[in-house]
Amino acid sequence: MKISPSKIISLLFFIFSGFYLYTAYQIRVFAFDENAAFNARTFPVYLGYAGLIFSALYIILPERKPSNVDVSILEYKKTILLVVLMIIYGITILKAGYFLSTSIFLVLSYIVLGERRWIWVFILSFPFVAIFMYLLHGLLNIYLRDPFLKYLGIIG
């Protein structure tokens, strides 16, 4: 019996989703937010369950058209570089803040993935992160600790 690469990836995603769900339940929630319809733990928990369900369905259900993957054309270098960038992003987000670290992470990720149109790299990083941060901080009142923007005097 031959196991397809898609099933192996789904099994890895199932394990990752289980770990993610476990860590989602470790998120601290304020006492006044414990019984709220939506709190800091809600979306990660639902995301973990969705990952478990969809990956389990893909593992259990038969494939209509099994895929053959030619491993010689996979770009391992880009994958490893993206994983290294994600690790550096995770390390720097608390020190540099959400805006700066996320924008730089997106710029470097676009470059690693081969995007060379600098206008799109810029538009899809700095302004996009600024709009998203405004939605979180300004409209939804979700505070993101950001030493860089605090130093600039943009947020308090």
_Residue pair Ser55 / Leu52: nearest heavy atoms and the distance that separates them_ = OG-O, 3.3 Å

If you look only at distance, which donor and acceptor atoms sit under 3.5 Å apart when one is on a side chain in residues 80-93 and the other is two or more places apart or in another chain?
from  : atom 1 : to     : atom 2 : distance (Å)
Tyr89 : OH     : Thr102 : OG1    : 2.8
Thr92 : OG1    : Ile88  : O      : 3.0
Thr92 : OG1    : Tyr89  : O      : 3.4

*Would Tyr46 and Leu57 show up in the same hydrophobic cluster when neighbours are defined by side-chain heavy atoms closer than 4.5 Å?*
no

*asked:* According to a hydrophobic-cluster definition based on side-chain heavy atoms being under 4.5 Å apart (Ile, Leu, Val, Met, Phe, Trp, Tyr only), do Val45 and Ile53 belong together?
replied: no

*Is there a side-chain contact between Phe122 and Pro127 (heavy atoms, below 4.5 Å)?*
yes

*asked:* Within a 6.0 Å radius of atom CZ on Arg116, are there more than 12 heavy atoms belonging to other residues, nucleotides or ligands?
replied: yes

_Least distance between heavy atoms, Gly97 atom then Pro147 atom_ = CA-CD, 3.6 Å

*Pairing residues for Tyr98 by the ring-ring contact (aromatic ring centres under 6.0 Å, His included) criterion, not counting sequence neighbours*: none

*Does the side chain of Phe99 come within less than 4.5 Å of Phe126's, by heavy atoms?*
yes

*Has the side chain of Lys7 got a donor or acceptor atom that lies under 3.5 Å from a matching backbone atom of Tyr58?*
yes

*Same cluster or not: are Trp120 and Val129 linked, directly or through other Ile, Leu, Val, Met, Phe, Trp or Tyr residues, by side-chain heavy atoms under 4.5 angstrom apart?*
yes

_Please find the pair of heavy atoms, one from Ile27 and one from Arg41, that lie closest to each other, and give the distance._
O-NH2, 2.9 Å

_Joint hydrophobic cluster, Phe105 plus Ile123, side-chain heavy atoms closer than 4.5 Å_ = yes

Run the side-chain donor-acceptor check on residues 10-23: report pairs under 3.5 Å with partners two or more places apart or on a different chain.
from  : atom 1 : to    : atom 2 : distance (Å)
Ser10 : OG     : Ser6  : O      : 2.9
Ser17 : OG     : Phe13 : O      : 2.9
Thr23 : OG1    : Phe19 : O      : 3.2
Thr23 : OG1    : Tyr20 : O      : 2.9

*Which atoms form the tightest heavy-atom contact between Leu106 and Leu124, and what is the distance?*
CD1-O, 3.7 Å

*Using modelled atom types only, decide if a donor and an acceptor are shared between the side chain of Glu75 and the backbone of Lys77 within a distance under 3.5 Å.*
no

*Enter the distance from Ser125:OG to Glu115:CD here, rounded to the nearest 0.5 Å.*
11.0 Å

*May I ask whether Phe128 and Leu100 are part of the same hydrophobic cluster, defined by side-chain heavy atoms of I, L, V, M, F, W, Y residues being less than 4.5 angstrom apart, directly or through others?*
no

